[in-house]
Amino acid sequence: ILLSLSLPIALRMAIDTLENHVPEQSIVWPLFLLSLYAGAWLIRQVTVQLREICAIAPFEHIIVIIARKVFGHLLTLPMDFHTQRQLNSMTGLFKKAQLNIHIIYIVLLYWVIPLTIESLGAVFIVFKLFGPFFASVLAITLICYCLSINYFSEITKRYRQHFLDVLSKSHFTFIDTFLHAETVKAFCREAFEFKRFKDINSKTAQAQEKYGTVHTSMHLVEAIILGLGITCFCMKAASLISSKTFSISDFIMLHGYVLQFAL
């Protein structure tokens with residue numbers, strides 16, 4: 001998080017040094033600042049990946065413990081429960097539970113908590129360095145960005161769940177047909193089973209299409225919000241740069257704080 005907040009500042013310092021550099025002076029210092037920026041960027045990327053690698057083992061251990069507890073609990077349930085439940089449906093729920101634990105972990109540790117801290121830190125730094133206008137634009141852009149993600153995430157989750165349910169029914173239909181192939185052949189139900197699979201297969205395609213459309217629309221809205229924020233920065237910065245009260249490095253720093261949340 002500290003590296004994320006310091007990267008635009010480091011780039012600003014490096015650009016200022018290069019801009020003020022004259023041929024008579026040594027270029028060692030500007031190159032040193034640029035190398036520090038590049039090194040900080042590399043360390044940030046390596047740190048993020050190492051964080052995920054280090055978290056894999058304990059996280060998978062937690063999933064194993066939960067899976068064993070659920071499996072043990074299912075074994076203790078009476079026979080009536082198992083006779084009233086389809087095996088395919090129960091295994092599907094078990095698989096979804098394991099995946100949802102992973103999603104909650106990723107959202108909390110890699111999105112919600114870091115993004116909140118980075119957003120507050122970025123707005124505070126911009127307010128201190130450039131005043132309330134740029135801080136307000138950055139804050140509004142980030143708030144709208146987060147609200148759009150939250151809004152579309154709920155919708156996407158519903159469409160994704162519907163797609164997974166229909167896909168599970170499609171798999172069950174496929175398995176059920178060939179599991180009882182003797183009965184299908186004995187009663188000449190090939191045409192009926194083909195129509196049943198054709199209908200559920202069409203519903204699966206429709207559900208996947210809706211889910212893909214909503215998911216893509218989420219990224220479209222995010223791009224529009226960030227684009228509007230950058231446009232406000234550009235318009236204001238252009239007038240300040242022309243009046244010599246703002247530098248190119250200041251604009252690049254602001255631009256960096258907006259774009260780093262989209263990457």
Side-chain angles (χ1 to χ4, degrees), residues 4 45 48-49 51-52 55-56 59-60 63 66-67 70 85-86 88-120 122-123 137-176 195-234 255-263:
S4 298
Q45 300 303 317
V48 170
Q49 300 304 321
R51 179 182 62 182
E52 296 185 11
I56 289 176
F59 174 66
E60 292 298 329
I63 292 182
I66 295 176
V70 172
R85 303 281 296 185
Q86 294 176 347
N88 187 63
S89 174
M90 192 162 63
T91 53
L93 291 173
F94 188 73
K95 185 185 298 182
K96 288 176 189 176
Q98 289 181 302
L99 291 176
N100 286 334
I101 295 173
H102 179 74
I103 292 172
I104 292 173
Y105 167 80
I106 292 296
V107 168
L108 284 178
L109 293 186
Y110 292 102
W111 189 76
V112 175
I113 297 176
L115 183 59
T116 301
I117 298 175
E118 287 182 20
S119 300
L120 294 175
V123 172
V137 173
L138 179 60
I140 293 172
T141 301
L142 294 180
I143 290 172
C144 292
Y145 181 76
C146 294
L147 289 177
S148 68
I149 291 178
N150 183 67
Y151 173 75
F152 277 99
S153 294
E154 292 297 322
I155 299 177
T156 304
K157 184 165 47 174
R158 290 200 298 268
Y159 278 99
R160 181 176 181 271
Q161 186 60 51
H162 175 64
F163 164 66
L164 291 177
D165 291 340
V166 177
L167 183 63
S168 178
K169 291 179 181 178
S170 176
H171 290 167
F172 174 76
T173 302
F174 185 90
I175 295 172
D176 183 63
K195 183 180 183 304
R196 185 166 71 122
F197 181 78
K198 179 182 176 182
D199 292 340
I200 193 65
N201 192 243
S202 298
K203 291 180 180 179
T204 303
Q206 293 173 3
Q208 187 174 19
E209 180 182 350
K210 291 179 180 179
Y211 165 65
T213 302
V214 172
H215 187 71
T216 305
S217 299
M218 178 179 70
H219 294 301
L220 176 62
V221 173
E222 292 170 5
I224 292 174
I225 292 173
L226 292 175
L228 291 174
I230 293 174
T231 302
C232 291
F233 279 147
C234 290
H255 195 268
Y257 274 128
V258 176
L259 286 186
Q260 76 177 14
F261 292 99
L263 300 177

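- Residues forming a ring-ring contact (aromatic ring centres under 6.0 Å, His included) with His162 (at least two apart in sequence, or on another chain): none.
- A salt bridge links Asp199 to Lys195: at least one charged side-chain nitrogen sits closer than 4.0 Å to a carboxylate oxygen.
- A distance-only check finds no donor-acceptor pair linking the side chain of Ser170 to the backbone of Val166 [under 3.5 Å].
- Here Leu220 contributes atom CG and His215 contributes atom NE2; the two are 12.5 Å apart, rounded to the nearest 0.5 Å.
- Looking at residues two or more places apart in sequence or on another chain, you find no ring-ring contact (aromatic ring centres under 6.0 Å, His included) involving Phe152.
- How far CG of Leu167 is from CZ of Arg160: 10.5 Å, rounded to the nearest 0.5 Å.
- Atoms CD1 and CD1, from Ile225 and Ile143 in turn, are 11.5 Å apart once rounded to the nearest 0.5 Å.
- Here the CD1 atom belonging to Ile200 is positioned 14.0 Å from the CZ atom belonging to Phe174, to the nearest 0.5 angstrom.
- Once rounded to the nearest 0.5 Å, the distance linking NE2 of His171 with CG of Leu164 reads 10.0 Å.
- Here the SG atom belonging to Cys144 is positioned 12.5 Å from the CD1 atom belonging to Ile224, to the nearest 0.5 angstrom.
- Of the N and O atoms on the side chains of Glu154 and Asn150, not one donor lies less than 3.5 Å from an acceptor on the other residue.
- Two residues are said to be in side-chain contact when any heavy atoms from C-beta on lie closer than 4.5 Å; Leu228 and Cys232 fail this criterion.
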